[in-house]
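Treat the numbers as computed from the prediction; the structure is a model and nothing was measured. Reckoned from all heavy atoms, side chains included, excluding hydrogens, waters and symmetry mates. Heads up: numbering here begins at 1 and tracks the sequence.
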Amino acid sequence: MPMPPRRKGELESARESVRKGRGMGEEGGGSRRHWLVKTEPGDWSWADQATNGGVSRWDGVRNAQAQGFMKEMREGDLCFFYQSGGKAREVVGVTKAIKEWYLCEGNDEGDVDRRPVECSERGALPSTATV
């Protein structure tokens, strides 16, 4: 027998109980979290990340679920840098969120795929982790 669909309020309540159970509180606070940031090496590689003092603006994300995760990223959270293009699909390094999701100058409120999170390079992995 299929389960009845949840109403939006029930979904939000379930989400908040998971967040509280993880020590994240109502506003998503709590300890540092870890994220997986995915890129195609042809678009943005680990070598590109290392330029500009290792600081980059992570933007252009069009997937709604990924945008939701970006909104939850907080300063100090660590991000595993995952390259998915070509034959190798692997985590190659670690970055740290240094500026939370924000609206860029010249972009309007509805232009969510142009809202970046800024990350700084923390270091390459001694050996890549295949995913």
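The two residues S84 and E40 come nearest to each other via the heavy atoms OG-OE2, 2.9 Å.
Annotation: side chain to side chain donor-acceptor pair (under 3.5 Å) contacts of T39 (sequence neighbours excluded): none.
Each of L36, V92, V94 was checked for a side-chain contact (heavy atoms from CB on, under 4.5 Å) with F81, and the lone residue meeting it is V92.
Salt bridge D77/R32: absent, no basic N to carboxylate O contact under 4.0 Å. For the pair E100 and R74, the salt-bridge criterion is met [side-chain N within less than 4.0 Å of a carboxylate O].
Side chain to side chain, T51 and D48 fail the donor-acceptor criterion of an N or O pair below 3.5 Å. Residues T95 and Q49 bring no donor and acceptor atom of their side chains to less than 3.5 Å of each other.
The hydrophobic cluster around I98 extends to V55, counting ILVMFWY residues whose side-chain heavy atoms fall within less than 4.5 Å of a member.
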Only distances under 3.5 Å count here; give the side-chain donor-acceptor pairs of residues 118-131 to other protein atoms, sequence neighbours excluded, each with its distance to 0.1 Å.
{"residue": "E118", "atom": "OE2", "partner": "Y102", "partner atom": "OH", "Å": "2.6"}
{"residue": "T128", "atom": "OG1", "partner": "E90", "partner atom": "OE1", "Å": "3.0"}

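The aromatic rings of W35 and F69 are tilted relative to each other, their planes meeting at an angle between 30° and 60°.
No side-chain heavy atom of P116 sits under 4.5 Å from any side-chain heavy atom of W101. Counting heavy atoms from C-beta outward, Q83 and S45 have side chains that approach closer than 4.5 Å.
How far CD of Q65 is from CD of Q67: 11.0 Å, rounded to the nearest 0.5 Å.
Judged purely by atom type and a 3.5 angstrom limit, R33 has no side-chain atom pairing as donor or acceptor with the backbone of G76.
Taking hydrophobic clusters as Ile, Leu, Val, Met, Phe, Trp and Tyr residues chained together by side-chain heavy-atom distances below 4.5 Å, W46 shares a cluster with W58.
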